[in-house]
Trainee: 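Here's a structure for you.
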Amino acid sequence: KGSAVEKRWTLNDFDVGKPLGRGKFGHVYLAREKKSNHIVALKVLFKTQLKQSQVEHQLRREVEIQSHLRHPNILRLYGYFYDQTRVYLILEYAAKGELYKELQRCKYFSERRAATYISSLARALIYCHGKHVIHRDIKPENLLIGIQGELKIADFGWAVHTFNRRRTMCGTLDYLPPEMVESVEHDASVDIWSLGVLCYEFLYGVPPFEAKEHSDTYRRIVKVDLKFPPKPVVSSAAKDLISQMLVKESSQRLPLHKLLEHPWIVQNADPSG
Ligand SMILES: COc1ccc(C(=O)Nc2ccccc2)cc1NC(=O)CCSc1ncnc(N)c1Br
């Protein structure tokens, strides 16, 4: 709804309901816009917290970028408003909740489910790269599930592409490609690496370079120390795709449009995504 961005929203426009997921930098509530009865997720960020972490400009940039992104596999940011102490983000509500909880519940996904998720994420990333937006932070914690079971990339992060957020902000390094671990500049091919890590984790229930210590994870990533466990049994086509994505030289990684033509995706992904 294009009008949502121009309209000046206030908290009085919404009936606020139960708290949703564990929003890291703010609380997220189920809410209903009173006039349209439209159900949304309302994310509340505290201005003091934004100030002390100097992310106000990043938030403005993210809101600007997100307001132009329209894709079935990218969670919508309809608009925002603020009051004396808080900033409110009006988000699309993903009715089937957080993917990481579903992955914990199932331990790992079937090849059909994994391939369907990976192909829908690849299409969302192709769309983002077409708009010169990279690094949509595609780890399980940032993925939600819509009412039809479709995946939605929801950038929980503070900013869309700051490098330092990765290293300082979130615990896991598992998703960092070698060029980021070795902190050289990166491009859209970082998303191909992260998608390969995600595909592995969907099929095995753990990320490929997991280790007890950060230093060991760094070493395994830089070495591309990729091993496939004997259990659960995974097809060689799936392993072939993952091996073409987790390649150290970023220019040698399988391009996203080629991923959509890979036999494992063609044979396993549900076209409706
Ligand atoms: C487009 O989605 C976003 C866009 C931006 C930001 C954000 O905080 N940006 C930001 C915050 C501070 C500084 C700079 C950027 C966050 C999200 N998304 C989220 O936080 C997801 C909230 S949880 C949830 N949402 C819907 N349905 C559910 N069932 C659940 Br559970």
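We use all heavy atoms of the structure for the numbers below, so side chains are in, but hydrogens, waters and symmetry mates are not. Counting convention: from 1, in listed order, for ligands and their atoms alike.
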Trainee: With a cut-off of 4.0 Å, which atoms of ligand 1 are near a heavy atom of Ala41?
Mentor: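 Atoms satisfying the 4.0 Å criterion: 25 (N), 26 (C).
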Trainee: Side chain, backbone, both or neither: which part of Gln66 comes within less than 4.0 Å of ligand 1 when only heavy atoms are counted?
Mentor: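 Looking at Gln66 and ligand 1, just side chain atoms fall under 4.0 Å.
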Trainee: Looking at Lys223, I want to see if its NZ is surrounded by more than 12 non-hydrogen atoms of other residues, nucleotides or ligands under 6.0 Å.
Mentor: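 Incorrect, the count does not exceed 12.
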Trainee: Is the shortest side-chain N to carboxylate O distance from Asp15 to Arg32 below 4.0 Å?
Mentor: yes
Trainee: Can you find a side-chain donor-acceptor pair between Glu249 and Ser251 that sits under 3.5 Å?
Mentor: yes
Trainee: Would you check the N or O atoms of Lys43, main chain and side chain alike, for any that come under 3.5 Å of an N or O of ligand 1?
Mentor: yes
Trainee: With only distance considered, is Leu59 within less than 3.5 Å of ligand 1 through an N or O on each side?
Mentor: no
Trainee: Compute whether any side-chain donor of one residue and acceptor of the other, for Glu150 and Ser120, lie under 3.5 angstrom apart.
Mentor: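 No, because no side-chain N or O of Glu150 sits under 3.5 Å from a partner of the opposite role on Ser120.
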Trainee: Report the part of Leu45 in contact with ligand 1, treating N, CA, C, O as backbone and CB onward as side chain, heavy atoms under 4.0 Å; options are side chain, backbone, both, neither.
Mentor: side chain
Trainee: Which of the atoms in ligand 1, numbered in the order shown and given with their element, are less than 4.0 Å from a heavy-atom of Glu92?
Mentor: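 It comes down to these atoms of ligand 1: 26 (C), 27 (N).
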Trainee: Against the six-membered ring of Phe109, is Arg113 placed for a cation-pi contact (under 6.0 Å from the centre, within 45° of the normal)?
Mentor: yes
Trainee: Does Tyr80 have its ring centroid less than 6.0 Å away from the ring centroid of Trp9?
Mentor: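 No, the ring of Tyr80 stays outside the 6.0 Å limit from the ring of Trp9, centre to centre.
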Trainee: Do Tyr93 and His38 have ring centres separated by under 6.0 Å?
Mentor: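 No.
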Trainee: At less than 4.0 angstrom from any non-hydrogen atom of Val28, what atoms of ligand 1 do you find?
Mentor: 22 (C), 23 (S)
Trainee: Testing the 3.5 Å rule here: is there a donor-acceptor pair between the side chains of Arg86 and Tyr88?
Mentor: yes
Trainee: Leu89 heavy atoms, cut-off 4.0 Å: which ligand 1 atoms fall inside?
Mentor: 5 (C), 6 (C), 7 (C), 8 (O)
Trainee: Of the backbone atoms (N, CA, C, O) and the side-chain heavy atoms from C-beta on, which set of Leu75 has a member under 4.0 Å from an atom of ligand 1: side chain, backbone, both, or neither?
Mentor: both
Trainee: Using a 4.0 Å heavy-atom cut-off, which part of Ala94 comes near ligand 1: side chain, backbone, both, or neither?
Mentor: both
Trainee: List ligand 1 atoms under 4.0 Å from Glu62, heavy atoms only on the residue side.
Mentor: 4 (C), 5 (C), 6 (C), 9 (N), 10 (C), 15 (C)
Trainee: If the contact criterion is a heavy-atom separation under 4.0 Å, does Glu56 count as touching ligand 1?
Mentor: no
